[in-house]
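Single-structure report; data block below.
Please read these numbers as outputs of a predicted model, since none were measured by experiment.
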Amino acid sequence: MKTTVYSLADVKTVMYHQNVGQCVLSSQGVGKISISYAGDLSSHTATADGYVVVNRLRNSHGVITLEVPQNSSADEFLRKWAKYLKNAQTWQFALTALNIVDSAGKFILYCEGVTPQKIPDRAYDQTAGNVSWVLLAAKITEG
C-alpha cells in the first residue's frame with residue numbers, strides 16, 4: 001500500500017527583494033499558501049469551414065495568496081515590503097522573488113516579478129485572525 005504524506009511544516013517559503021531583504025515566511029507564521037495560474041496553456045480557433053487551429057500559449061504568470069496571522073512576523077515583513085515598493089523607483093518594483101519548496105512532495109515553485117496586488121484588509125475581533133496577502137507573479141516556474 002502506498003501512503004501519501006503532506007505537511008505544511010515541510011513547505012519552505014522564502015521571499016526576497018534586494019533592498020528589503022529576505023524573509024523565510026514559512027517560519028514566520030504562514031498559515032496557507034494558494035497558487036492560481038492566470039494564463040491558459042492553449043486555445044482553439046475554429047474557422048468557418050470547421051478547421052480547428054490549436055494555439056499553444058506561453059503564459060506563466062499567476063496569483064499567490066498568502067494567509068498569515070495578523071501582526072505576525074510574516075505580516076510585518078510583507079507590510080514593510082509593500083511600503084517600500086509604494087515609494088521605490090519603478091525599476092525596483094518587480095524585483096521580488098518568492099520560492100516555495102515542498103520537501104515532502106518533492107515540488108518547487110520559483111516565482112519572479114512578485115508584486116502586491118493591494119494591502120490586505122484588517123479586521124479587529126476578540127481573537128486574532130488571518131490577513132490575506134494577494135500577490136501577482138510575472139512568472140511562475142515549476143522545478
task = Please confirm whether the backbone N or O of Gly113 pairs with a side-chain atom of His61, one donor and one acceptor, at under 3.5 Å?
result =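 A pair under 3.5 Å: no.
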Same hydrophobic cluster for [X] and [Y], using side-chain heavy-atom links shorter than 4.5 Å among ILVMFWY?
X: Tyr84; Y: Leu66; value: yes
X: Leu78; Y: Val63; value: no
X: Ile33; Y: Tyr16; value: no
X: Met15; Y: Ile35; value: yes

task = Under the side chain to side chain donor-acceptor pair (under 3.5 Å) rule, collect the residues that match up with Asp125, sequence neighbours excluded.
result =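 Once residues adjacent in sequence are excluded, Asp125 has no partner under the side chain to side chain donor-acceptor pair (under 3.5 Å) criterion.
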Minimum heavy-atom separation for [X] and [Y], please, with both atom names.
X: Asn59; Y: Asp40; result: ND2-O, 3.0 Å
X: His17; Y: Leu85; result: NE2-CD2, 3.9 Å
X: Phe77; Y: Gly21; result: CZ-O, 3.8 Å

query = Should Val131 and Asp121 be marked as a side-chain contact (heavy atoms from CB on, under 4.5 Å) after you check the CA-CA gap, both sets of side-chain angles, and the distance that decides it?
reply = CA-CA 7 Å; Val131 292; Asp121 299 331; over 6 Å; no
Which pairs of donor and acceptor atoms, one on a side chain in residues 93-112, lie under 3.5 Å apart (sequence neighbours left out)?
from   : atom 1 : to     : atom 2 : distance (Å)
Thr96  : OG1    : Trp81  : NE1    : 2.7
Asp102 : OD1    : Ala104 : N      : 3.2
Asp102 : OD1    : Gly105 : N      : 3.0
Ser103 : OG     : Asp10  : O      : 3.2

query = Is any side-chain heavy atom of Leu57 less than 4.5 Å from a side-chain heavy atom of Leu41?
reply =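 No. Closest side-chain heavy atoms not under 4.5 Å.
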query = With a 4.5 Å limit on heavy-atom distance, are the side chains of Thr45 and Asn55 in contact?
reply = yes
ask   = Do Tyr124 and Gln70 get their side chains close enough for a donor-acceptor pair, meaning under 3.5 Å?
value =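 No, no side-chain donor-acceptor pair sits under 3.5 Å.
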Can you list, pair by pair, the side-chain donor-acceptor contacts under 3.5 Å of residues 133-143, counting residues two or more places apart and other chains?
from   : atom 1 : to    : atom 2 : distance (Å)
Trp133 : NE1    : Asp75 : OD1    : 3.0
Glu142 : OE2    : Tyr37 : OH     : 2.9

Separation of Asn71 CG from Arg79 CZ (nearest 0.5 Å) =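 The CZ atom of Arg79 sits 8.0 Å away from the CG atom of Asn71.
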ask   = For Arg122, does the CZ atom sit with more than 12 other heavy atoms under 6.0 Å from it, leaving out its own atoms?
value =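 Enclosed: over 12 neighbouring heavy atoms sit under 6.0 Å from CZ of Arg122.
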